Protein chains: 2
Amino acid sequence: MKDRAASIGTKERLLRAGEQLFRTRGYAGASLKQLTQAAGAPWGSAYHFFPDGKEQLGVEVVRQAGDFYGDGWRESFDRADGPGDAIERVFRAEARILEASDYRNGCPVASVTLDTASTSEALRSACASAFEVWLRAIEGGLRKAGASDGEATALAGFVLSAIEGAIVLSRAAKSPAPLLQSAAFVREVVDRRAEDWRAARANPVQTESSERG
Amino acid sequence: MKDRAASIGTKERLLRAGEQLFRTRGYAGASLKQLTQAAGAPWGSAYHFFPDGKEQLGVEVVRQAGDFYGDGWRESFDRADGPGDAIERVFRAEARILEASDYRNGCPVASVTLDTASTSEALRSACASAFEVWLRAIEGGLRKAGASDGEATALAGFVLSAIEGAIVLSRAAKSPAPLLQSAAFVREVVDRRAEDWRAARANPVQTESSERG
DNA sequence: CCTTCTTAATAGACTGATCTATCAAATTCT
DNA sequence: AGAATTTGATAGATCAGTCTATTAAGAAGG
């Protein structure tokens, strides 16, 4: 039988330890030795499950993070009271994560991007895909609220940029202020549009871009 | 005499090579050997000018970047036609930098933050200071345009968050789209307020927060 | 003007630690 | 037993950092 501590599966534990370490120390700063230790896995297991080494592990960590937090975005849009509320909730959730971890647990995808975008096409591409998953989740939430395709795409890029940057600033400052400040302004932009979308739905007369104030 | 290539001074060359490498490979991913080689400096010089090693070099790189790009923000506010224009110009300048470097030259302070915020208080604090310099530059530009102190502070955090995050997304995607999308929405937020400030100046009757709509 | 003293900078060999990666032995399952 | 999986020892490279020696350049003193 398998025995102690392996109830989750070694590969899964390695992936989780990888995500955690990439969050706190970046990709380059996280060694496989630390990683296997944190996962409670023997050294050889890393190369058993990821024969192509650290890069492969990194790619899979990023992909998993993309899926996981993509679900988080979708859930937030499902649960919340309108797109502005959904987005603000994610900002606030992120602020809580940062505070609870003493501002260590940043975004693993951003960390991997900055460490590897210039040196590993495989990792850069994995990060691009993970961001793409999140962008589409946000985009979907906005479209469901009435945004046109193009507007949803552009807004999603803005929303994700704002939260990713705010995480960086919050970590440096060890303060939730950048996240909360950004949340308010992003929400303002989204809410204003959401109102237009509601109006356009209620009265589908005008072609596009109702009036400008 | 000094001889070839040293006309800038070895320390300065080390700092510049450090900034460049931190931009492209992050702090942890940039080795001192690469760094001294890129600077055309002998190995020993790194420890001659930075006796406390890589961490000290990192701190000074970050401080210098803080000062340099802080001046850039101020210049943009001086030259531009209003705060919205100034901010959009910085976004567009950053997009040009990314395109010209094939999306390798990101923000050195963000890179150092993500790699070291959890492991080196000295570096985390240096990054916080550099961001603070930029925040105050933006804040100053906004106040000059009529923003109140509190509004300028909050807006500056939002603006810097948006551009930092957009740089990350643009690097991952190898596309200027996130920067340009964010620029438009940030500008919308700033321009709308700038109009209020102008109105409040022209007609200083109402107490605060003129009308909403 | 020339010599000597002093300090700054250059230069690279070297150390111990740590990194990624390999691999053959050990273990587990069928 | 035999096949598949798991495992830790270890190789080879590279890391940050130390050390000693050399060169450059000026200051002090005759």
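Within every chain, numbering begins at 1; the chains are lettered A, B, ... in the order of the sequence lines, protein sequences first and strands thereafter. None of these values were measured; they are calculated from a predicted model.
If you measure from atom NZ of B:Lys33 to atom C1' of D:dA16, you get 11 Å, rounded to the nearest angstrom. Atoms CG (A:Leu32) and C1' (C:dA21) sit 9 Å apart, rounded to a whole Å. We find that CG of A:Leu14 is positioned 13 Å from P of C:dT20, with the value rounded to whole Å. Rounded to whole Å, atom P of C:dA21 lies 17 Å from atom CZ of A:Phe49. As a whole-Å value, the separation of A:Leu35 CG from C:dT18 P is 17 Å. Atom-to-atom, CD of A:Gln34 to C1' of C:dT20 comes out at 13 Å; the value is rounded to the nearest Å. D:dT5 atom C1' lies 14 Å from atom NZ of A:Lys11, rounded to whole Å.
A:Arg92 is linked by a salt bridge (Lys or Arg N to Asp or Glu O under 4.0 Å) to A:Glu88, counting only residues two or more places apart in sequence or in another chain. Every residue two or more places apart in sequence or in another chain that forms a salt bridge (Lys or Arg N to Asp or Glu O under 4.0 Å) with A:Asp149 is listed here: A:Arg143. A search for salt bridge (Lys or Arg N to Asp or Glu O under 4.0 Å) contacts involving A:Glu195 returns nothing, not counting sequence neighbours. Every side-chain contact (heavy atoms from CB on, under 4.5 Å) that A:Ala38 has, sequence neighbours left out, goes to A:Ala17. The salt bridge (Lys or Arg N to Asp or Glu O under 4.0 Å) check on B:Arg198 picks up nothing, with sequence neighbours excluded.
When the nucleotides C:dA8, C:dC19, D:dG17 are ranked by their closest atom to the side chain of B:His48, C:dA8 comes out on top.
Side-chain contact of B:Arg171 with A:Ser118: a donor-acceptor pair under 3.5 Å is present, judged by distance alone.
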Practice item. For the pair B:Arg124 and B:Glu121, evaluate salt bridge (Lys or Arg N to Asp or Glu O under 4.0 Å) and give the outcome as yes or no after the intermediate values. Key: CA-CA 5 Å; B:Arg124 194 226 98 232; B:Glu121 179 57 21; 2.4 Å; yes
Practice item. Carefully, step by step, assess A:Leu15 and A:Glu60 under the rule side-chain contact (heavy atoms from CB on, under 4.5 Å). Key: CA-CA 7 Å; A:Leu15 288 172; A:Glu60 296 198 24; 3.8 Å; yes
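The environment of CZ in B:Arg104 is sparse: at most 12 heavy-atom neighbours from other residues, nucleotides or ligands sit within 6.0 Å.
Within the nucleic acid shown, A:Phe50 has no heavy atom closer than 4.0 Å to any nucleic acid atom.
Residues from residues 22-31 of chain A placing a heavy atom under 4.0 Å of any atom in DNA chain C, listed by number, are A:Ala30, A:Ser31. Residues from residues 53-63 of chain A that place a heavy atom under 4.0 Å from any atom of DNA chain C, listed by number: A:Gly53, A:Lys54.
For residues 168-192 of chain A, the pairs satisfying ring pair (Phe, Tyr, Trp, His ring centres under 6.0 Å) are A:Phe185-B:Phe158, with sequence neighbours left out. Applying the ring pair (Phe, Tyr, Trp, His ring centres under 6.0 Å) rule to pairs touching residues 84-118 of chain A yields nothing, sequence neighbours excluded.
Comparing the end axes of the helix from C:dC1-D:dG30 to C:dT30-D:dA1, each fitted to five base pairs by superposing C1' atoms of four pairs onto the next four, gives an inter-axis angle of 10° (nearest 10 degrees).
Salt-bridge annotation for B:Asp71 and B:Arg74: present, with a side-chain N of the basic residue lying under 4.0 Å from a carboxylate O of the acidic one.
For the pair A:Ser182 (side chain) and A:Ile163 (backbone), a donor-acceptor distance under 3.5 Å is absent.
Remark: A:Tyr47 is not in phosphate contact with C:dT22, judged by side-chain N or O atoms under 4.0 Å from OP1 or OP2.
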Anything under 3.5 Å between a donor and an acceptor, one on a side chain of residues 44-54 of chain A, the other on a protein residue two or more places apart or in another chain? List them.
| residue | atom | partner | partner atom | Å |
| --- | --- | --- | --- | --- |
| A:Lys54 | NZ | A:Tyr27 | O | 2.9 |
| A:Lys54 | NZ | A:Ala30 | O | 2.8 |

Tabulated below should be each protein N or O lying under 3.5 Å from an N or O of nucleotides 12-14 of chain C; please produce it.
| residue | atom | partner | partner atom | Å |
| --- | --- | --- | --- | --- |
| C:dA13 | N6 | B:Trp43 | NE1 | 3.2 |

